[in-house]
Amino acid sequence: CARIPGPGGNFPAKLWRLVNDPHTDSVRWDQQGEGILIDRALFEAEVLGDLFKTNNFTSFIRQLNLYGFRKGGGRQDDEPDSPAELHFQNPYFKRDKPELLAHLRRMTRSNRAKLQAGLEVSCRRCGVLLHRHLIYSLVCRSQACWPYP
Amino acid sequence: CARIPGPGGNFPAKLWRLVNDPHTDSVRWDQQGEGILIDRALFEAEVLGDLFKTNNFTSFIRQLNLYGFRKGGGRQDDEPDSPAELHFQNPYFKRDKPELLAHLRRMTRSNRAKLQAGLEVSCRRCGVLLHRHLIYSLVCRSQACWPYP
Amino acid sequence: CARIPGPGGNFPAKLWRLVNDPHTDSVRWDQQGEGILIDRALFEAEVLGDLFKTNNFTSFIRQLNLYGFRKGGGRQDDEPDSPAELHFQNPYFKRDKPELLAHLRRMTRSNRAKLQAGLEVSCRRCGVLLHRHLIYSLVCRSQACWPYP
DNA sequence: ACCGTTCTAGAATATTCGCCA
DNA sequence: CTGGCGAATATTCTAGAACGG
């Protein structure tokens with residue numbers, strides 16, 4: 001069971017990799033797999049400046065918002081295990097529905113306008129990279145081979 | 001004679017600081033002070049990943065082009081001391097005419113259109129930071145106090 | 001020499017008190033007294049949750065922006081001692097010109113419109129509290145009685 | 001009606017990738 | 001092949017908007 005490939009890809013690819021990587025403690029799925037939980041202090045030490053070029057946690061939050069993540073739990077605000085953890089959710093980012101990832105878009109003003117007009121919006125390398133990553137994560141999880149040998 | 005302040009500022013501010021900083025060997029003025037000479041290998045080791053968030057020299061070149069720098073010497077391609085040095089020049093980036101710095105603009109498509117239409121184009125924090133740096137470099141050079149004590 | 005009164009007042013009053021309070025290490029004037037330097041980690045431990053109701057540093061930044069503070073140094077060489085310190089400045093928030101405090105306004109959209117139309121904009125309790133605090137700080141500094149006994 | 005807090009979006013610069021004359 | 005550029009994403013700083021006190 002190979003490692004999830006890295007560190008390339010755009011923001012959704014990186015986030016998908018992080019949340020599915022058992023070696024990453026700062027980002028994880030909530031109990032229902034409908035949203036993600038982020039431990040800020042841990043995230044700053046573990047991820048920022050490494051996988052991302054920024055050291056500012058707020059830049060990471062800006063990316064979450066750009067890709068359509070909203071704060072708050074999926075259903076009835078299921079509590080994070082630690083009160084310090086931030087809860088975000090996105091209709092196209094679900095643990096058990098990786099096929100939805102293809103709908104993720106960077107919500108710039110121009111993309112928003114295009115979508116409302118019914119036009120196509122590209123997502124550079126979304127297809128290839130996300131596909132690779134989701135295959136990896138699905139295969140690995142189904143084989144219950146995590147954590148890595 | 002104080003050090004040139006850093007590391008803030010936009011690209012022109014950083015470049016002006018680098019080329020005037022005697023501690024930076026990878027970027028320097030050509031003999032006439034009309035263009036800059038860049039030693040790529042040295043630049044990668046000395047500057048990239050530190051003052052800039054990128055490790056790719058080509059990203060730095062992209063910035064040079066965005067701000068209007070062109071390859072080639074000012075007059076008749078006065079030879080770089082080392083054949084490995086790249087020669088770039090910009091009509092508003094001259095060693096002895098810091099007042100021209102105020103005309104530097106990021107040449108995006110929209111900015112290009114605005115300029116052609118005779119409109120104003122902003123340059124965030126260009127004024128303050130460039131002003132700071134040019135004052136420093138002028139004062140320091142005039143006092144011949146470089147390298148720093 | 002009495003302590004600066006607290007903890008009441010609106011945001012500018014609190015900030016003026018903090019930056020002039022020698023017991024507060026996380027907020028201080030830059031060398032020229034034209035901008036303020038903020039140590040985030042220290043600020044979170046020292047000030048947040050106490051003087052302000054929030055635990056989010058970003059809320060404090062939002063307040064700074066609402067009242068017209070901008071990131072970056074004022075004019076000349078005012079780099080932070082520690083690169084970790086954030087530098088903000090405001091044309092009406094200067095160490096040696098407390099009379100300018102009266103011009104501070106909460107820059108909401110409506111206030112912005114009013115000011116551009118040349119209308120008056122109120123600032124609740126700005127007058128009274130700021131006046132009290134600036135008197136205190138001036139008196140205290142002039143008597144060189146800091147730090148407090 | 002104003003202020004403070006929170007979450008999200010706008011806008012400018014920075015970085016990356018790839019095209020093309 | 002190369003230099004310059006378009007266009008997409010990434011990072012930074014500031015503003016909009018909603019809500020409660």
Side-chain angles (χ1 to χ4, degrees), chain A residues 8-14 48-49 51-72 86 88 105-112 121-126, chain B residues 8-14 48-49 51-72 86 88 105-112 121-126, chain C residues 9-14 48 51-72 86-88 105-112 121-126:
Chain A
N10 57 10
F11 181 78
K14 289 179 182 176
L48 291 184
L51 187 55
F52 299 101
K53 286 183 183 293
T54 181
N55 290 313
N56 300 316
F57 188 72
T58 56
S59 293
F60 174 69
I61 300 297
R62 186 71 190 90
Q63 288 278 64
L64 284 176
N65 283 325
L66 269 175
Y67 279 92
F69 284 81
R70 299 302 176 89
K71 205 165 186 179
L86 303 177
F88 279 88
R105 290 292 179 274
R106 199 164 180 271
M107 278 300 141
T108 59
R109 166 177 287 226
S110 64
N111 277 356
R112 208 183 295 275
V121 171
S122 70
C123 183
R124 195 159 64 178
R125 282 166 298 147
C126 265
Chain B
N10 57 10
F11 181 80
K14 289 178 181 176
L48 291 185
L51 187 56
F52 299 100
K53 284 183 182 296
T54 180
N55 290 313
N56 301 314
F57 187 72
T58 56
S59 293
F60 173 70
I61 300 299
R62 184 73 191 89
Q63 288 278 63
L64 285 176
N65 286 324
L66 269 175
Y67 279 94
F69 285 81
R70 300 303 175 87
K71 202 165 188 182
L86 302 176
F88 279 87
R105 288 293 179 273
R106 197 164 182 271
M107 277 302 140
T108 60
R109 164 174 289 225
S110 64
N111 278 357
R112 209 183 293 276
V121 172
S122 69
C123 183
R124 193 157 66 178
R125 281 169 298 152
C126 264
Chain C
N10 59 8
F11 181 79
K14 289 179 182 175
L48 290 185
L51 186 55
F52 299 99
K53 291 181 192 237
T54 179
N55 288 315
N56 299 317
F57 187 72
T58 56
S59 294
F60 174 68
I61 300 298
R62 185 73 190 90
Q63 289 277 61
L64 285 176
N65 283 325
L66 268 175
Y67 279 94
F69 284 81
R70 300 300 179 90
K71 202 164 188 181
L86 302 177
H87 202 174
F88 280 87
R105 290 291 180 273
R106 195 166 181 268
M107 276 301 141
T108 60
R109 168 177 287 228
S110 64
N111 278 357
R112 207 182 296 276
V121 172
S122 70
C123 181
R124 193 159 67 180
R125 283 167 296 152
C126 265

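Within every chain, numbering begins at 1; the chains are lettered A, B, ... in the order of the sequence lines, protein sequences first and strands thereafter.
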Within this structure, what is the [atom1]-to-[atom2] distance between [X] and [N], rounded to whole angstrom?
{"X": "A:F69", "N": "D:dA9", "atom1": "CZ", "atom2": "P", "value": "13 Å"}
{"X": "A:N10", "N": "D:dG18", "atom1": "CG", "atom2": "P", "value": "13 Å"}
{"X": "B:M107", "N": "D:dT13", "atom1": "CE", "atom2": "C1'", "value": "14 Å"}
{"X": "A:L86", "N": "D:dT8", "atom1": "CG", "atom2": "C1'", "value": "14 Å"}
{"X": "A:I61", "N": "E:dA15", "atom1": "CD1", "atom2": "P", "value": "21 Å"}
{"X": "A:K71", "N": "D:dT8", "atom1": "NZ", "atom2": "P", "value": "8 Å"}
{"X": "A:L64", "N": "D:dA9", "atom1": "CG", "atom2": "C1'", "value": "14 Å"}
{"X": "C:F57", "N": "E:dC13", "atom1": "CZ", "atom2": "P", "value": "12 Å"}

Is there a donor and acceptor pair, one atom on the side chain of B:R106 and one on the base of D:dA14, closer than 3.5 Å?
-> yes
Looking at [N], I'd like to know if its phosphate oxygens (OP1 or OP2) sit under 4.0 Å from a side-chain N or O belonging to [X].
{"X": "C:R70", "N": "E:dT12", "result": "no"}
{"X": "A:K14", "N": "E:dA10", "result": "no"}
{"X": "C:T108", "N": "D:dC2", "result": "no"}
{"X": "B:S59", "N": "D:dT16", "result": "yes"}
{"X": "A:T54", "N": "E:dT12", "result": "yes"}
{"X": "B:Y67", "N": "D:dT13", "result": "no"}
{"X": "C:R62", "N": "E:dA18", "result": "no"}

Taking all non-hydrogen atoms of both residues into account, name the closest pair between [X] and [Y] and its distance.
{"X": "A:A13", "Y": "A:G9", "value": "CB-CA, 4.1 Å"}
{"X": "B:R106", "Y": "B:Y67", "value": "CD-OH, 3.4 Å"}
{"X": "A:T54", "Y": "A:N56", "value": "OG1-N, 2.9 Å"}
{"X": "C:F52", "Y": "C:K14", "value": "CE2-CD, 3.6 Å"}
{"X": "A:T58", "Y": "C:T58", "value": "CG2-CG2, 3.6 Å"}
{"X": "A:F11", "Y": "A:Q63", "value": "CE1-CB, 3.4 Å"}

Report the nucleotide, chosen from E:dT11, D:dT16, D:dA9, that has the shortest atom-to-atom distance to any side-chain atom of A:N65.
-> D:dA9
B:F11 has a side chain; which of D:dA14, D:dG4, D:dT15 sits nearest to it?
-> D:dA14
On DNA chain D, check which nucleotide each of C:Q63 and A:R109 is closest to and give me the residue with the more 5' one.
-> C:Q63
Hey, which sits more toward the 5' end of DNA chain D by its nearest nucleotide, C:N56 or A:K53?
-> C:N56
Earlier contact from the 5' end, DNA chain E, for C:G68 and A:L66 = A:L66
Mind checking C:F88 for me? I need base, sugar-phosphate or nothing, with any heavy atom below 4.0 Å counting as a touch.
-> sugar-phosphate
